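Atom set for the values below is all heavy atoms of this structure, side chains included, hydrogens, waters and symmetry mates excluded. Predicted model only: the values in this text are computed from it and were never measured.
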Amino acid sequence: MFELDFIEVQEKWRSKWFTANAFEPSVSSEKKFFFTVPYPYVTGNLHVGHGRTYVNADVIVRFKRMSGFNVLWPMGFHITGTPVLAVSDKIAKNDPETIALYLEYVNAYEQDDAKTKEIVNSFKDPWAVVNYFSKKLVQDFQKIGVSIDYSRQFTTGDPEYNAFVQWQFLKYKEKGFLKQGDYPILYSASEKNAVGEDDIKDADTDAVEVQEFISIKSKLGDSFILSSTLRPETVFGITNAFVNPEGDYVQALVDGEKVFCSKAAAEKLSFQKHEVKVLKELKGSEFVGKIIETPLGKKVPLLPASFVNVENASGFVHSVPAHAPYDYVALQDLKKDKKHADLFSIVEGIELISVISVEGFGDFPAKEIVEKMKIANLKEKAKIDKATQDLYKLEFYQGRMKENCSQFAGLSVEQAKKKTGEWLKQEKKAISFYETSRPAFTRHGDKVIAAVLSDQWFLDYNSPDWKKKSFELLDELKIIPEQYKKQFHDVFEWLDKRPCARRRGLGTQLPFNNEWIIESLSDSTFYPAFYTIIKQIKANKIQPSQLKPEFFDFVFQGKHSIQEASKTTGVPIELLQSIKKEFDYWYPCDQRHTGTAHITNHLSFYCFAHTALLQKEKWPKSISLNELVISEGQKMSKSKGNVVTLHKLFAQYPVDLARLYLVNTADLGSKLDFRLKDLQALQKSFNKLIAVLSEIVIFSTHDSAEKETPMTKWMLSKFESAVKESTTALKENRIRDYSQKTFFDLLNSWEYFSSRATPEEEILVSKKIAEKWVKLLSPIMPFYCEELWSSLGKDFVSLQQWPVVSEELIDENAELEEDYLQNVLQDVRRISSLMKNKKIASAKIIVASKEKKTQAINLIQKHASPEELSTDALSEYLKKNFYSYRTKPELLELSEYDKLVSAKDFISESLGYPVVIEKEESSNEEKKEKAMPLKPSVLLSFTS
RNA sequence: GCAGGGGUAGCAAAGCUUGGUCAAAUGCGCAGGAUUGAGGUUCCUGUCUCUUAGGAGUUCGAGGGUUCAAAUCCCUUCCCCUGCACCA
């Protein structure tokens with residue numbers, strides 16, 4: 001038995017590959033294959049989700065390399081944005097959870113506890129995080145055996161990279177793709193800064209977003225009151241407004257107009273591009289009973305309601321009791337309220353106004369639903385919330401505006417909502433009021449509010465020419481698996497203006513405005529180009545300051561003369577030439593592989609960036625994708641503690657096994673559910689294959705008599721078919737198919753062959769398949785394959801030529817004969833199983849006569865359909881398989897008797913009792929009549 | 001709601017583009033047998049239902065259609081997952 005210490009084998013080949021620089025190609029005359037996978041983000045360890053993407057990628061790349069391509073697969077590291085910063089921040093503030101997490105991460109690499117602590121402590125500096133993990137990730141990658149060129153590493157924080165990204169944004173600006181405008185964001189007033197999800201308490205479990213309320217202006221004296229709603233379309237149904245009598249309100253000058261709103265609202269408005277000056281403060285109770293005039297000219301009363309929250313939006317709400325459960329219940333409560341007995345007649349006089357029709361409800365859905373759910377008063381908050389939500393959903397998606405809604409009559413609520421809001425704002429009858437979707441606080445405990453940035457930078461993916469060109473790219477782009485092409489199409493359609501810079505985080509500053517950091521998805525769209533040049537930039541010590549726009553103009557776009565470019569940048573002409581040559585050699589990117597999650601952003605931006613910056617010949621050629629990995633049926637997350645890190649995995653299982661598992665468990669287009677039990681089960685087959693293959697490799701060195709037999713023909717045919725099918729599958733990126741064929745099918749075939757064959761036959765076949773099979777498997781399990789290959793006295797199977805199919809060995813007949821034998825065996829077993837209580841002594845197998853076969857062939861050929869056949873036994877039999885015999889008449893020509901006789905011992909052994917083979921012509925048995933072509937008659941005899 | 005993907009035997013997962021060879025690969029699980037002191041491992045066999053001679057019946061979310069023939073093509077319908085932006 002072949003025993004290997006997998007840790008040792010892995011270490012050995014890892015170090016051999018990388019000391020020999022086996023995967024570091026340079027410009028040559030060979031045909032090239034430039035392949036990339038998005039660089040990982042460096043805030044922690046890699047997990048099986050990364051593993052899946054990188055292993056699939058590696059299989060593709062190894063196949064291409066063995067198929068004679070000059071393959072470049074480089075790697076860099078992504079550090080842009082807030083996450084690294086957030087980690088450092090938390091560690092600096094001694095956040096116990098973060099420290100524990102990072103102790104665990106670092107502990108995976110370090111032996112010494114004291115050292116681990118020291119390292120984690122150093123993470124107060126974000127660059128320490130970046131530097132530490134980028135080094136460790138390289139080690140991890142090398143451990144998985146992915147054949148990456150590590151000589152072109154960089155991080156997105158490197159000054160060379162900054163210059164490269166700045167150049168891109170200069171180009172976007174020149175083309176008019178970069179624009180500035182208003183944008184609402186989450187904001188902390190006390191920190192004077194934008195806040196992201198990672199800054200907000202509990203935002204990872206309970207997301208906070210910015211909502212746009214429409215605050216309509218209703219006249220009250222010489223001022224307006226601002227009442228807010230998320231449903232502007234109901235403005236036609238207003239019957240009154242509500243104020244919280246306990247609340248604090250102000251009168252303020254907002255953009256030159258006197259308005260009433262809550263005190264909190266006035267402050268918020270000042271962050272939303274409004275000039276706000278508070279004139280006086282007053283209590284909500286002072287508004288009760290006042291009559292206001294809505295923008296539609298209707299005079300309605302202001303009534304008290306405790307449910308109005310002055311901390312939310314403008315502090316007043318208008319009331320649409322026909323459609324809003326809260327409003328309806330509030331009015332009912334008010335009628336019963338003794339404190340406000342003076343208002344009774346006003347409330348009593350309010351008539352509900354219906355503005356939306358929706359199936360299943362009459363004129364006043366809110367009233368109906370409140371009555372149906374038996375909501376008694378405002379205290380039943382949970383019930384009212386539910387009623388509101390249900391009704392809103394129903395009306396929003398299914399409702400229509402009624403006749404009384406002027407120009408919006410007949411529209412769906414969905415459309416009317418947007419249009420009414422726009423209209424009110426345009427007519428200056430309302431303003432936008434941005435508010436957080438729930439009360440939220442930063443991790444430091446400051447209030448999070450919605451603010452409007454007036455100078456936010458956007459990339460306008462809707463620029464007509466840009467979008468058109470990008471669709472052109474998409475038309476030509478090969479997407480693997482194809483099913484995702486449509487999604488790309490839809491995403492391209494949908495892409496609009498997208499904010500592309502932030503006020504904080506690591507990364508590159510906007511070239512013309514250094515207060516802005518280019519946001520992390522926007523700085524990672526064109527970087528495959530960077531791999532082609534960074535090696536020479538670093539090797540020749542070109543300074544970041546030399547990487548002026550002219551440098552990139554020249555290299556990527558061929559602009560300026562080389563003399564000019566050299567003069568401006570101070571880069572020598574030959575060097576400039578050589579860098580451009582390298583870019584021109586490798587570009588375009590032939591294939592980019594990543595997870596499907598990136599389609600809606602990263603991959604789409606990647607396409608757009610290329611159409612904006614490069615000529616058509618340099619646009620990407622293909623994108624391949626794989627779905628995500630879940631763990632034991634659940635999404636992986638730190639909080640669930642079910643994240644499987646590659647580190648842990650490889651401590652216990654051979655890398656080659658894990659690689660096999662990751663490519664074989666699911667197709668690229670489906671989720672992979674990582675189950676430890678399955679992996680362990682797979683290990684059995686894995687060990688078996690290693691044992692079998694090692695044996696074959698040893699056999700292949702033995703001498704043998706060169707004599708082919710039906711069995712060797714069968715095995716070689718199976719093998720060569722597998723070579724053929726595997727190769728096709730790999731060419732089409734059907735990686736799972738390839739692994740099934742190369743690994744499982746062949747293993748099963750060999751096991752069967754081995755049970756049927758003599759040692760001589762095994763040696764004969766081994767000599768012909770050993771090398772090929774090792775090569776075939778090497779993309780999946782490179783470590784063991786290198787080990788086996790070296791035992792044949794050769795170097796680096798990873799760099800060998802992919803096996804060529806020996807078509808002449810594919811022998812359909814040999815395979816058919818063996819299938820036939822299996823069918824017969826199956827048949828005999830079936831019959832035996834029906835003989836429940838009898839012990840079988842022996843079996844007689846009677847093969848159909850020649851005459852019957854000829855007859856059968858005639859019948860099949862002379863008739864077009866099974867209906868035309870008559871009802872004799874042979875015809876009845878033929879009816880069942882009519883069409884398959886018709887398309888493959890050679891089936892019927894098989895020499896059944898010879899096959900069975902030659903396999904007689906095998907049949908007896910498999911069945912466990914002796915068998916006799918007879919021909920129908922020479923048999924004395926009555927049952928011989930039952931024999932049909934390909935279906936011999938079987939006669940069992942029993943021990944008494 | 002919009003967009004994309006999906007529903008296959010106890011479970012997981014192929015097959016669907018190009019209809020027949022599909023009661024449907026493969027793996028797990030389960031059952032019986034061999035091996036073993038026992039367990040595990042390994043090997044063989046079976047695993048939709050009925051059937052004491054190789055037969056029959058019912059299945060691929062549900063319902064309808066096209067066809068000599070449908071898991072595969074068309075229509076309708078129900079259910080599930082993902083994304084919906086400034087976040088890596």
**Study point:** Side chain of Lys677(A) (C-beta onward), nearest among A85(B), C28(B), A88(B)
**Key:** C28(B)
Review point. For Leu521(A), which contact category applies under a 4.0 Å heavy-atom criterion: base, sugar-phosphate, or nothing?
Key: base
Exercise for review: Give a yes or no on whether Lys179(A) atom NZ has more than 12 heavy-atom contacts from other residues, nucleotides or ligands under 6.0 Å away.
Suggested key: yes
Revision key, fill the gap. Residue pair Leu495(A)/Thr665(A) against RNA chain B: nearer the 5' end by closest nucleotide is Thr665(A)
Exercise for review: Using a heavy-atom cut-off of under 4.0 Å over every strand shown, decide if Asp673(A) touches base, sugar-phosphate, or nothing.
Suggested key: nothing
Exercise for review: Tell me what Leu628(A) touches on the nucleic acid: a base, only sugar-phosphate, or nothing, going by heavy atoms under 4.0 Å.
Suggested key: nothing
Check your understanding: To the nearest 0.5 Å, how far apart are CD in Glu493(A) and CG in Asn462(A)?
Key -> 9.5 Å
Review point. Is it true that the side chains of Glu896(A) and Tyr820(A) contain a donor and an acceptor less than 3.5 Å apart?
Key: yes
Practice item. Select base, sugar-phosphate, or nothing to describe what Leu940(A) touches, counting heavy atoms under 4.0 Å on all strands. Key: base
Review point. Does Asp827(A) make a side-chain donor-acceptor contact with the base of G54(B), cut-off 3.5 Å?
Key: yes
Check your understanding: If you check every side-chain atom of Lys671(A), which of G29(B), A88(B), C81(B) has the closest atom?
Key -> C81(B)
Review point. Rounded to the nearest 0.5 Å, how far does CZ of Arg502(A) lie from CD1 of Ile185(A)?
Key: 9.0 Å
**Study point:** Pairing nucleotide - A31(B), Watson-Crick or G-U, each distance under 3.5 Å
**Key:** U45(B)
Practice item. If the plane angle is over 60° it's perpendicular, under 30° parallel, otherwise tilted; pick one for Tyr161(A) and Tyr39(A). Key: perpendicular
Check your understanding: So among Ser832(A), Ser941(A), Ser908(A), which one has a side chain to side chain donor-acceptor pair (under 3.5 Å) with Tyr913(A)?
Key -> Ser832(A)
Point to revise | CG on Leu747(A) to OG1 on Thr742(A), rounded to 0.5 Å | key: 11.5 Å
Exercise for review: Select base, sugar-phosphate, or nothing to describe what Pro936(A) touches, counting heavy atoms under 4.0 Å on all strands.
Suggested key: base
Review point. Taking any strand in view, what nucleotide pairs with U72(B) in a Watson-Crick or G-U wobble way, both distances under 3.5 Å?
Key: none
**Study point:** Nearest-angstrom distance from the residue atom CG of Leu682(A) to P of A13(B)
**Key:** 16 Å
Review point. Does Ser520(A) make a side-chain N or O approach to OP1 or OP2 of A88(B) shorter than 4.0 Å?
Key: yes
Practice item. Without swapping roles, check the side chain of Arg52(A) against the backbone of Leu628(A) for a donor-acceptor pair under 3.5 Å. Key: yes
Check your understanding: For every nucleotide of nucleotides 39-48 of chain B, 5' to 3': is a protein heavy atom under 4.0 Å from its base (B), only from its sugar-phosphate (S), or from neither (-)?
Key -> ---SS-SS--
Check your understanding: Starting at CD1 of Ile845(A) and ending at P of A53(B), how long is that distance when rounded to a whole Å?
Key -> 19 Å
Review point. Within less than 4.0 Å of OP1 or OP2 of A13(B), is there a side-chain N or O belonging to Ser670(A)?
Key: no
Review point. Just to confirm, is there a sub-4.0 Å distance from OP1 or OP2 of U51(B) to any side-chain nitrogen or oxygen of Arg830(A)?
Key: no
Review point. Tell me: OH of Tyr527(A) to C1' of A88(B), nearest whole Å?
Key: 12 Å
Practice item. Mind calculating the distance between CG (Asp678(A)) and P (A13(B)) to the nearest angstrom? Key: 10 Å
Check your understanding: Is atom CD of Gln180(A) surrounded by more than 12 heavy atoms (other residues, nucleotides or ligands) closer than 6.0 Å?
Key -> yes
Exercise for review: Remember a base hit wins even if backbone is also touched, and classify Asp737(A) as base, sugar-phosphate or nothing at under 4.0 Å, heavy atoms.
Suggested key: nothing
Review point. Knowing that exactly one of Leu603(A), Leu668(A), Ile623(A), Ile479(A) qualifies, which makes a side chain to side chain contact (heavy atoms under 4.5 Å, CB included) with Tyr484(A)?
Key: Ile479(A)
Check your understanding: Separation of Lys935(A) atom NZ from G54(B) atom C1', in whole Å?
Key -> 6 Å
Check your understanding: Is there a Watson-Crick or G-U wobble partner for G1(B) with both distances under 3.5 Å, and if so, which one is it?
Key -> C84(B)
Atom pairs, protein N/O to nucleotides 3-9 of chain B N/O, distance under 3.5 Å:
residue	atom	partner	partner atom	Å
A3(B)	O3'	Asp490(A)	OD2	2.9
A3(B)	O2'	Asp490(A)	OD2	3.3
G4(B)	OP1	Lys486(A)	NZ	2.7
G4(B)	OP1	Asp490(A)	OD2	3.3
G4(B)	O2'	Gln487(A)	OE1	3.2

Review point. Do the charged groups of Glu918(A) and Lys928(A) touch, with an N to O distance under 4.0 Å?
Key: no
Practice item. Please report, rounded to the nearest Å, how far the P atom of A12(B) is from the OH atom of Tyr661(A). Key: 13 Å
Review point. Between the main-chain N or O of Leu746(A) and the side-chain N or O of Lys718(A), is there a donor-acceptor pair closer than 3.5 Å?
Key: no
**Study point:** Student check: side-chain heavy atoms of Asp496(A) and Phe458(A) closer than 4.5 Å
**Key:** no
Revision key, fill the gap. Contacts of Phe605(A) and Gln740(A) projected onto RNA chain B by closest heavy atom; the upstream (5') one is Gln740(A)
For nucleotides 56-58 of chain B, give me every protein contact, N/O to N/O, under 3.5 Å, one pair per line with atom names.
none

